[in-house]
> 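If you scroll down you'll find the structure; I have some questions about it.
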Amino acid sequence: MVSFEFTVQDPNGLHARPAGQLIKEAMKCKSKVTIKNGDKSADAKRLFNVMALGVKGGDVLTVEVEGETETQDAESFKAFVTENI
Amino acid sequence: MYVLKGKTVFAGIAIGRVNVLKKERSNVRRYRVENTAEELERLKIALESTDKELEALYEKALKEVGESGAMIFDVHRMMLQDQDYTDSIENIIRGQEVNSEFAVAVTSDNFAEMFSAMDDEYMKARAADIKDISERLISVLKGESGAAEDSEEPVILAAEDLSPSETVQLDKSRILAFVTKYGSSNSHTAILARTMSIPALIGVDFSEEIDGVTAIVDGIRGEIIIEPDAETLAKYRTMQKEEAEKKKLLKEMKGKETVTKSGRKIRLYSNIGGTGDLPAVLENDAEGIGLFRSEFLYLEKEDYPTEEEQFAAYKTVAESMAGKLVVIRTLDIGADKQIDYFGLDKEDNPALGYRAIRICLDRPEVFRTQLRALLRASAYGNIGIMFPMIISVDEVRRSKKYIEEISAELKASGIACGDPEIGVMIETPASVMISEELAKEVDFFSIGTNDLTQYTLAIDRQNLKLDSINDTHHPAILRMIKMVVENGHKHNTWVGICGELGADPELTKTFVEMGIDELSVSPNFILPLRKAIRSLE
């Protein structure tokens with residue numbers, strides 16, 4: 001399992017649109033991607049799950065990537081979130 | 001006829017028949033299904049076609065409102081494909097052996113409730129998105145088409161609330177306006193209505209009985225007029241037409257210079273009758289005020305307005321115009337514009353009677369109060385003082401003497417006071433004939449063509465029998481204007497027109513060729529005139 005942390009830059013947090021983009025990106029990963037916000041966690045490929053995390057701007061999220069291609073997946077997913085979320 | 005109030009989302013006027021959109025939200029029946037596998041297959045097909053509908057809506061919205069407005073449908077598609085959502089529906093079908101519609105409705109309620117309970121206004125509002133996609137899915141399952149209304153003619157669409165998908169799905173060529181009972185001005189629907197420039201009101205408490213009746217949506221005042229009478233209808237039709245023309249002109253002409261092709265600049269000012277006209281002046285981009293009729297201050301009072309009252313009004317106008325010239329005409333009343341407390345005698349021939357500057361010079365206490373207020377206000381902006389009904393150089397000199405005296409008084413008592421431009425109305429044939437002498441005395445002339453025409457042609461404006469010979473383009477008038485311009489320019493006095501003739505499009509070219517420096521017209525004539533002047537050589 002590979003994990004990393006990132007801070008949500010969008011002051012509105014993970015609203016429907018950025019959450020939607022994030023889900024699309026997670027879908028590209030073969031690995032299982034989990035996002036944790038405090039004690040809540042969500043499957044990054046499920047929109048309602050991610051939205052239910054109630055992520056706000058400035059929140060620090062932990063991402064866990066698990067699977068055969070976890071190294072590449074974590075790398076590309078990390079690149080995406082640091083750039084877009 | 002009655003009026004309902006609402007909150008404007010997008011201003012504008014719409015006139016037409018009301019179509020009340022009725023929803024059958026709770027109309028989902030639960031029934032048992034024997035073969036759940038078959039039911040799941042039915043759900044799968046419905047999900048696919050709903051997805052196609054949403055994809056089509058996204059494309060439609062993309063074309064109509066652009067990417068940011070269309071994005072919501074992309075999110076809707078993701079919601080529809082969300083595994084938690086579909087899992088929940090499937091589980092209910094399987095576990096309870098019930099129909100898909102019911103399973104969707106239950107899932108929709110659960111998810112919507114989850115979002116409603118979230119500690120975030122934005123997330124709370126997403127409950128509406130879930131209901132929106134679920135309703136769409138349910139109508140697909142039921143085999144209903146999503147189309148909302150079926151009338152051929154364009155309508156004012158009234159609904160409890162409109163979901164984003166309903167808003168975009170509507171055939172815009174058939175929607176005159178939106179009126180909803182609920183919704184916020186930040187909802188997707190409100191944003192879409194604004195992007196599509198369709199008049200829209202929210203928070204209107206209408207009854208379903210308005211379905212099919214004629215109504216007017218007045219997005220400017222935020223109201224809907226149900227079953228308007230013929231007079232109201234006619235009024236709004238005119239407003240609507242003017243609105244459309246104005247919008248077009250505004251787009252073209254606002255912020256542009258009033259200048260001919262060869263580079264001659266014309267000052268395009270506005271006539272006003274009170275501070276209430278200021279919004280129209282600013283909206284129509286007037287370059288100044290060429291005639292502020294001060295009479296309103298006197299007409300609306302029971303007694304002489306005090307210096308302070310007048311000062312406050314003049315100061316407001318001067319400040320609102322932010323450094324642009326504001327020409328204020330001193331009191332112009334007479335036997336035709338009676339004010340009780342002035343105690344004027346009834347006259348047989350008021351147009352030729354005791355009026356305007358004649359009263360002021362005869363009753364210095366009235367004149368001095370107004371001049372003091374004007375001079376004080378001139379410290380707060382660019383004010384011009386103009387005297388009406390002048391027939392002699394002596395009248396101008398006496399008036400100017402008051403100004404000098406009062407300025408000195410104010411300065412001596414340390415009260416702020418500006419140095420306003422001084423001008424006279426040219427509205428008597430006498431003033432035209434002595435305009436060269438008058439020009440030496442003042443900074444500007446403003447030709448009052450209404451009175452000048454009446455006095456020159458010896459035609460009473462009110463006498464309808466004389467209408468046929470009342471030629472406003474009479475060569476005598478035009479020659480007089482030309483003469484005034486020439487005489488004014490000999491002594492560096494700028495010359496404008498503040499009468500109705502100034503707004504006559506047939507004469508704009510003539511005036512510009514004569515060398516007129518300024519035209520002062522009603523606010524709504526400003527932009528059409530600017531357009532006309534810009535097309536002149």
Side-chain angles (χ1 to χ4, degrees), chain A residues 6-67 73 76-77 80-81 83-85, chain B residues 47 51 54-55 58 61-62 65-91 104 107-134 163-165 186-188 191:
Chain A
F6 76 98
T7 308
V8 177
Q9 306 294 337
D10 189 327
N12 294 320
L14 266 188
H15 281 175
R17 287 166 196 186
Q21 290 176 319
L22 182 135
I23 271 83
K24 275 190 178 167
E25 197 59 31
M27 293 278 205
K28 293 182 191 163
C29 304
K30 264 181 157 176
S31 318
K32 180 176 168 51
V33 184
T34 309
I35 298 181
K36 291 184 173 169
N37 184 24
D39 54 0
K40 286 190 274 187
S41 80
D43 181 342
K45 296 180 185 179
R46 299 186 176 200
L47 182 65
F48 288 144
N49 233 268
V50 171
M51 284 171 74
L53 286 177
V55 175
K56 295 191 164 60
D59 283 357
V60 180
L61 306 182
T62 309
V63 180
E64 291 175 1
V65 187
E66 201 172 356
D73 285 346
S76 63
F77 194 67
F80 170 82
V81 294
E83 180 73 18
N84 297 291
I85 306 296
Chain B
L47 279 168
D51 185 56
L54 286 172
E55 191 183 359
Y58 173 80
L62 196 62
V65 297
E67 180 157 16
S68 63
M71 201 40 211
I72 187 66
F73 299 109
D74 211 23
V75 173
H76 279 189
R77 285 182 74 192
M78 278 190 246
M79 286 181 168
L80 189 74
Q81 289 159 5
D82 186 84
Q83 216 178 334
D84 292 323
Y85 181 73
T86 51
D87 277 0
S88 163
I89 300 170
E90 286 169 14
N91 284 339
V104 173
T107 303
S108 170
D109 284 349
N110 290 344
F111 276 70
E113 204 173 307
M114 176 187 88
F115 278 105
S116 300
M118 281 175 79
D119 178 28
D120 181 324
E121 285 310 310
Y122 176 85
M123 287 297 178
K124 276 184 184 161
R126 300 286 66 76
D129 292 320
I130 291 157
K131 285 188 177 150
D132 191 5
I133 59 160
S134 303
S163 64
S165 64
N186 287 315
S187 63
H188 290 300
I191 292 162

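Below, read A as the first sequence line, B as the second, and so on, with proteins coming before strands; counting in each chain starts at 1.
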> Restricting to non-hydrogen atoms, name the atom on A:Asn37 and the atom on A:Val60 that form the minimum distance, rounded to 0.1 Å.
OD1-O, 4.1 Å
> Report which part of A:Ile23 has an atom under 4.5 Å of a heavy atom belonging to chain B: side chain, backbone, both, or neither.
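Contact with chain B: side chain only.
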> Looking only at heavy atoms, which two atoms of A:Phe6 and A:Val63 are closest? And how far apart?
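Looks like CE2-CG2, 3.5 Å.
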> Side chain, backbone, both or neither: which part of B:Met78 has a heavy atom under 4.5 Å from chain A?
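For B:Met78, backbone and side chain are both near chain A.
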> Between B:Phe111 and B:Tyr85, what is the ring plane arrangement, given parallel below 30°, perpendicular above 60°, and tilted in between?
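Correct class here is perpendicular.
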> Under 4.0 Å between a side-chain nitrogen and a carboxylate oxygen: does that hold for B:Asp51 and B:Arg77?
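B:Arg77 and B:Asp51: salt-bridged.
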> Could you look at B:Asp84 and say if it's the side chain, the backbone, both or neither that has a heavy atom under 4.5 Å from chain A?
both
